[in-house]
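Here the structure comes first, spelled out in structure tokens, and everything after it is commentary.
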Amino acid sequence: MSERNIILVGPMGSGKSTIGQLLAHRLHKDFYDSDYYIEEKTGVDIPCIFDVEGEDGFRNRETRAIRELTELDNVVLATGGGSVMREENRKILRSAGFIVFLDTSVDQQLDRLRHDKKRPLLKTENPRERLENLLAERKPLYIELADLRVPTDRKFARKLASEIVHHLPEYLTRK
Ligand code: S3P
């Protein structure tokens with residue numbers, strides 16, 4: 001368990017990677033993104049993993065990635081939007097650091113993900129409905145996990161990062 005880690009949870013398109021990188025820079029921590037980590041390890045992208053191994057295969061890789069990345073100390077970790085679905089993952093995340101939930105509306109998600117080709121779960125006739133269903137299922141889990149909940153709508157990433165830093169406990173902002 002590291003008391004110096006910050007973990008970002010929230011739905012796809014909530015800005016976890018962008019905000020995470022800004023936070024890491026400001027707080028002198030290293031930044032990791034579990035999706036990127038999985039892609040690096042497998043050598044293929046996430047849509048390809050879904051195609052070959054199905055969502056279950058991806059979720060197993062995701063659990064492994066979370067387990068490995070939470071062994072690290074003094075990092076900012078952006079997690080995939082679905083990582084909170086497994087109790088096992090929630091347990092690991094809970095004991096691995098301070099958890100920030102980026103609370104985003106479906107409108108904003110759709111806006112951000114308009115041109116996205118990398119989210120297999122959005123390859124559907126009705127992406128809005130898909131995002132609404134996913135959020136209905138996952139939002140209670142994000143809320144339950146979070147030490148800090150930050151509404152992200154209509155805010156610039158830098159402003160949001162400052163707001164988060166402002167609300168972090170002092171032990172996390174110390175150099
Ligand atoms: C997923 C979110 C994605 C990625 C995968 C599945 C989900 O991560 O892990 O496509 O189930 O919501 P981001 O939240 O970084 O987009």
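Counting starts at 1 for both ligands and their atoms, following the listed order. All values below were derived from every heavy atom in this structure, side-chain atoms included, with hydrogens, water molecules and symmetry-related copies excluded.
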Among all protein non-hydrogen atoms, which one is nearest to atom 9 (O) of ligand 1, and what is the separation to 0.1 Å? Asp35 OD1, 2.7 Å
Mark up the atoms of ligand 1 that fall under 4.0 Å of a heavy atom belonging to Arg59, in ascending order. 6 (C), 7 (C), 11 (O)
Do any heavy atoms of Arg138 fall under 4.0 Å from ligand 1? yes
For Gly82, the ligand 1 atoms whose distance to one of its heavy atoms is below 4.0 Å: 7 (C), 11 (O), 12 (O)
Using a 4.0 Å cutoff against the non-hydrogen atoms of Leu121, which atoms of ligand 1 qualify? 7 (C), 11 (O)
Could you tell me, atom by atom, which parts of ligand 1 come under 4.0 Å of a heavy atom of Gly80? 8 (O), 9 (O), 14 (O)
I'd like to know if Glu144 and Arg94 make a salt bridge, using a cut-off of under 4.0 Å between side-chain N and carboxylate O. yes
Measuring only between side-chain heavy atoms, which start at C-beta, is Arg119 closer than 4.5 Å to Arg130? no
Is the contact between Met85 and ligand 1 made by the side chain, the backbone, both, or neither, using heavy atoms and a 4.0 Å cut-off? neither
With the threshold set at 4.0 Å, does a side-chain nitrogen-carboxylate oxygen contact exist between Asp33 and Lys16? no
Among all protein heavy atoms in this structure, tell me which lies nearest to atom 10 (O) of ligand 1, with the distance rounded to 0.1 Å. Pro120 CD, 3.6 Å
Can you confirm whether Leu110 sits close enough to Pro127 that some side-chain heavy atom of one is under 4.5 Å from a side-chain heavy atom of the other? yes
Evaluate whether atom CZ of Phe50 has more than 12 neighbouring non-hydrogen atoms of other residues, nucleotides or ligands under 6.0 angstrom away. yes
Got the closest protein heavy atom to atom 14 (O) of ligand 1, with its distance? Lys16 NZ, 2.5 Å
Within a 6.0 Å radius of atom CZ on Arg158, are there more than 12 heavy atoms belonging to other residues, nucleotides or ligands? no
Is a salt bridge present between Glu68 and Lys41, judged by a nitrogen-to-oxygen distance below 4.0 Å? yes
Which one of Ile7, Ile6, Ile99 satisfies the side chain to side chain contact (heavy atoms under 4.5 Å, CB included) criterion with Asp147? Ile99
Starting from atom 2 (C) of ligand 1, locate the nearest protein heavy atom and write down its residue, its atom name and how far away it is, to 0.1 Å. Gly81 N, 3.5 Å
Quick one: nearest non-hydrogen protein atom to atom 16 (O) of ligand 1, plus distance? Arg119 NE, 2.7 Å
